[in-house]
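Let me begin by presenting the structure, written as structure tokens, before commenting on it.
Just so you know, ligand 1 is whichever comes first in the structure, and atom 1 is the first atom listed for that ligand.
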Amino acid sequence: MKKRILTGDRPTGPLHLGHFVGSLQNRVLLQEEYDTFIIIADVQALTTNFDRPERLAEDVRQVALDNLAAGLDPGKASIFIQSLVPQIAELTVFFSMFVTVSRLRHNPTIKTEAGAYGYTDMTYGFLGYPVSQAADILFCRADLVPVGEDQLPHIEMTRFVARRFNELYAGVFPEPEAMVSRVPRLVGLDGQAKMSKSLGNCIYLSDEPSRVAEKVMNAVTDPARIHKTDPGHPEICTICSYHDAFNQAEHGNTVEMCRAGSIGCVACKKRLLQVLEGFLEPMRERRAMYSKPGLLDEILETGTERARREGEATMEKVRSAMGMDYFGGAR
Ligand code: TRP
């Protein structure tokens with residue numbers, strides 16, 4: 001039996017090259033070896049976007065297409081929509097009985113996010129979303145959860161929930177393990193912070209070639225370099241960090257040429273563009289393929305159907321463990 005992994009994204013906008021380097025690329029490899037579930041966490045997106053649900057439908061589609069474009073294969077990975085798996089909501093309620101408010105308040109990721117959003121108070125749903133995320137992972141009894149470092153407190157919560165449930169009632173859940181991505185965060189086009197939608201410094205997987213070219217050609221490089229023969233400082237150059245992330249084979253050489261002033265920024269950017277297009281063009285082709293009328297809906301319906309079946313199998317175990325299978329399970 002293959003081990004099962006579960007991971008996914010909040011649909012709050014299109015995915016970018018930072019997501020590709022940090023998670024999507026890895027998912028594509030993992031699906032060959034593991035039974036893979038990809039969650040599109042639309043309920044979790046509501047924790048911060050409850051006042052604009054009208055954007056969700058489009059964002060869900062785009063995030064699904066981003067995953068498929070990156071190379072997730074619906075024949076190998078089940079891509080599903082969180083809100084359409086009612087067993088996740090059911091588990092969230094049961095789990096919430098034994099998770100204390102202070103445990104949630106101490107969650108470092110909750111604290112950081114609350115700070116970033118400037119929350120002085122928090123909604124019940126926001127404070128409690130790590131419990132819901134535990135249900136996202138445990139409904140299908142996943143073994144492994146590929147995530148970035150920021151998600152570790154949520155995986156700890158998931159392990160706590162699994163352990164506590166098992167000791168309170170009966171051994172239903174495996175204690176899933178995080179598979180942490182060690183890839184350094186991709187810096188944004190501004191060179192100031194990590195690539196992030198809220199900072200407007202992204203190259204999106206869905207950007208047209210002309211848009212990608214414009215973004216790359218306008219990126220700030222080494223401000224001290226005025227003439228192309230001036231020696232450059234690749235260690236502070238955004239473009240150089242992209243060569244590092246996407247063009248490992250030529251990275252050392254590019255750094256040397258930059259330091260020596262033997263390659264200009266324009267030539268360096270053009271080379272990067274070629275390399276990026278080597279990733280992006282096949283993604284555009286797959287995106288177009290999966291955008292054929294009806295196909296994406298069918299993929300999401302099939303993935304969600306499979307998730308529901310797994311969720312129902314888990315709920316039967318849960319009800320039986322808790323003695324809540326009132327009609328002897330013959331429902
Ligand atoms: N919290 C994750 C993020 O913000 C998204 C997510 C929701 C998730 N449920 C999950 C990730 C379950 C891994 C497993 O990116």
Is any NZ, NE, NH1 or NH2 atom of the basic residue among Arg61 and Asp297 found under 4.0 Å from an Asp or Glu carboxylate oxygen of the other?
yes
Ligand 1: protein residues within heavy-atom distance under 4.0 Å:
Leu6, Thr7, Gly8, Arg10, Ile39, Ala41, Gln44, Gln133, Asp136, Ile137, Val145, Val147, Gln151
Non-neighbouring partners of Phe37 that pass ring pair (Phe, Tyr, Trp, His ring centres under 6.0 Å), sequence neighbours left out
none
Point-to-point distance, once rounded to the nearest 0.5 Å, from CD of Glu175 to CG of Asp143
12.0 Å
Lys/Arg N to Asp/Glu carboxylate O, Glu90 vs Arg319, below 4.0 Å
yes
With Lys269 via side-chain hydrogen bond (donor to acceptor under 3.5 Å, both in side chains) - residues at least two apart:
none
Got a sec, which residues hit ring pair (Phe, Tyr, Trp, His ring centres under 6.0 Å) with Phe20, two or more places apart in sequence or on another chain?
Phe279
